[in-house]
Each structure stands twice: as structure tokens, then as C-alpha cells.
Amino acid sequence: MIRDNDFIREKSIPGPTKEEIRCLVVCKSAVSKEDLVVDIGCGTGGLTVEFAKRAKIVYAIDKNIDALRLTEKNLNKYGLSEKVNLINKNALKALREIENIDILMIGGSGGDLSPIIEKGYKKLKKEGRIIITSILLETPSEAIRTLQKLDMTIDVANISISKGKITDRGTMMFANNPITIITAKK
Ligand code: SAH
């Protein structure tokens, strides 16, 4: 797993997803080297890079061209750009061009969460997984409702992580924001 500080970053672009959260997402996705992964809302490319290391091919989608450029920089840094197709479109438009998805990662949806899940589900292979990371309280309930309608098997995990900072007096813990990871299987 790549350290947070080893990603190239820009102030205006969110991410990278914190290392411990990337660990859990990768683990829960059960990604293998045969998989086709779609990363919706690639941002800094934190998750795109981790999936590119482990999957057959990754489609990284972001509506913000600056996010795609930053993701590309991070892919180049780790020699992974050949495995990734970068698509500068809204998620719903981009999904039209993609079939046979093994893993659909949704890290940003901009108010279109349910339609993205529904459209993605149609493109998802049998046994395919949808993973949603959320920092907002409203997102998990909308996601769960939509995934239930599609009759998917759902796992919900709420993660609160504190990281230690070593000081002269001892190790002081700093809390990160809680994140919900929803994993659903077709
Ligand atoms: N997982 C990323 C961070 C995601 S930030 C990382 O580890 O680096 C969320 C991103 O989702 C933002 O860059 C935003 O532009 C994008 N986004 C939000 N809604 C979107 C949509 N409907 N279609 C495409 N991209 C979207």
C-alpha cells in the first residue's frame, strides 16, 4: 500500500483516500488480476493506483479534468498508466461505453448516486462488486436503499481511524473523519 505522502497532490483536488481506508477497500473488493475495475470519481488517483497494481484494467472516470491529470501523474509515478483508461466525463455518460465490470468503485457521485448504482449494476458481471466510500451521513442510506432494490448482498462498515503523532512527551493520537464503506455483491 502506498503511503499518503507519496502521492502527488494538489490543494484543489480531493484525495488520496487515506492509506488505511485504501487497505480496506482493496481487501473488501477482493480484486484479482483478471478484473476489470471502474473507478468513478478518481480524484487524486489514490484508489485508481491501488487497483491498477492489482487488476487487469482500470477505467478512471472524473468530471474534473484537473483530477484526471493528477491521477495520470500518480499513475506515471508508479509506472501504471498503461493499465488505465482515463475518461473525462460525468459518471453516467462514461458508463455507457463500458461493459463486463467486475468492480465498480464509487468515490464521488455528485448527487447522482442512485442512477450511477442502477446503471453500473446493469454493466456488472455476475458476482461483480459495487463499492461506495462515503463521508456524508446521507449517502449510505440512499446507497443501501438502491442496492436492496437490486437484490444485492450488502456489507456496511463504518471506519474511524486515529493516527499517532510522535512527540517529545509521547504519542498523541489524531482522529480522522469517519468513513462508511459499503460493499455489495451481485
Ligand atoms: N478516491 C479518490 C478521491 C475521490 S474525490 C482518491 O483516492 O484520490 C471524488 C471525485 O469525484 C472528485 O474528483 C469529483 O470531481 C468526482 N465526481 C463527483 N461526482 C462525479 C460524477 N457524477 N461523475 C464523475 N466524477 C464525479
Side-chain angles (χ1 to χ4, degrees), residues 1-29 31 35 37-55 58-78 80-81 83-98 101 103-124 129-140 142-143 146 157 159 161 163 176-184:
M1 212 49 58
I2 294 165
R3 301 279 110 118
D4 294 343
N5 287 334
D6 289 339
F7 283 97
I8 304 161
R9 300 196 206 196
E10 274 167 34
K11 271 202 195 96
S12 59
I13 312 288
T17 304
K18 297 266 191 316
E19 181 186 345
E20 290 79 6
I21 304 295
R22 277 183 278 122
C23 283
L24 288 167
V25 166
V26 164
C27 192
K28 283 178 175 286
S29 74
V31 59
D35 286 344
V37 179
V38 177
D39 184 13
I40 292 181
C42 58
T44 299
L47 289 169
T48 306
V49 168
E50 300 294 353
F51 278 119
K53 285 199 289 188
R54 298 164 173 89
V58 180
Y59 290 82
I61 298 163
D62 208 295
K63 59 185 179 185
N64 179 358
I65 184 73
D66 294 332
L68 278 182
R69 291 205 178 107
L70 183 56
T71 294
E72 191 172 25
K73 281 187 199 164
N74 278 305
L75 288 166
N76 285 336
K77 178 170 179 181
Y78 293 101
L80 292 163
S81 45
K83 275 195 168 181
V84 181
N85 291 313
L86 299 161
I87 307 177
N88 181 211
K89 283 188 183 158
N90 190 289
L92 285 170
K93 264 201 177 162
L95 276 171
R96 282 190 209 153
E97 302 162 16
I98 308 170
I101 301 172
I103 297 170
L104 178 71
M105 171 67 227
I106 308 177
S109 55
D112 282 339
L113 182 62
S114 291
I116 292 171
I117 293 174
E118 281 157 5
K119 182 135 205 161
Y121 177 87
K122 288 189 194 146
K123 307 279 184 149
L124 202 64
R129 286 82 76 197
I130 297 180
I131 299 169
I132 300 150
T133 53
S134 157
I135 50 173
L136 299 178
L137 197 55
E138 289 79 5
T139 307
E142 180 181 351
T146 309
I159 321 292
I161 285 179
K163 296 281 288 185
N176 289 343
N177 296 335
I179 302 224
T180 307
I181 304 174
I182 296 159
T183 317

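One-based numbering, in listed order, for ligands and for the atoms of each.
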Proximal atoms of ligand 1 relative to [X] (non-hydrogen, under 4.0 Å):
X    : value
N90  : 22 (N), 23 (N)
T17  : 1 (N), 2 (C), 6 (C), 7 (O), 8 (O)
L47  : 1 (N), 7 (O)
K89  : 24 (C)
G45  : 8 (O)
G110 : 18 (C), 19 (N)
C42  : 2 (C), 6 (C), 8 (O)
T44  : 8 (O)

Carboxylate-amine/guanidinium proximity below 4.0 Å for [X] and [Y]:
X   : Y    : result
D4  : R22  : yes
E50 : R54  : yes
D35 : R129 : yes
R69 : E72  : no
K89 : E97  : yes

### Query
Any N or O of G15 that comes nearer than 3.5 Å to an N or O of ligand 1?
no

### Message
Can you confirm, on distance only, whether ligand 1 has an N/O atom lying under 3.5 Å from any N/O atom belonging to N64?
### Response
no

### Task
Between S109 and ligand 1, find which residue part has any heavy-atom pair under 4.0 Å and reply side chain, backbone, both or neither.
backbone

For the backbone of [Y] and the side chain of [X], can you confirm whether one donor and one acceptor N or O come within less than 3.5 Å of each other?
X    : Y    : value
T133 : I181 : no
D39  : I61  : no
K123 : R96  : yes
K163 : N176 : no

Nearest protein heavy-atom contact for [atom]: which residue, which atom, what distance?
atom                    : result
atom 5 (S) of ligand 1  : P14 CG, 3.5 Å
atom 11 (O) of ligand 1 : G41 CA, 3.1 Å
atom 24 (C) of ligand 1 : K63 N, 3.4 Å

### Query
In this structure, which one of T48, V38, L80, L47 forms a side-chain contact (heavy atoms from CB on, under 4.5 Å) with V58?
T48

## Note on the structure
Looking at L70, L113, D62, the heavy atom closest to atom 10 (C) of ligand 1 belongs to D62

### Query
Between G111, S12, A91, G107, which one has a non-hydrogen atom sitting closest to atom 21 (C) of ligand 1?
A91

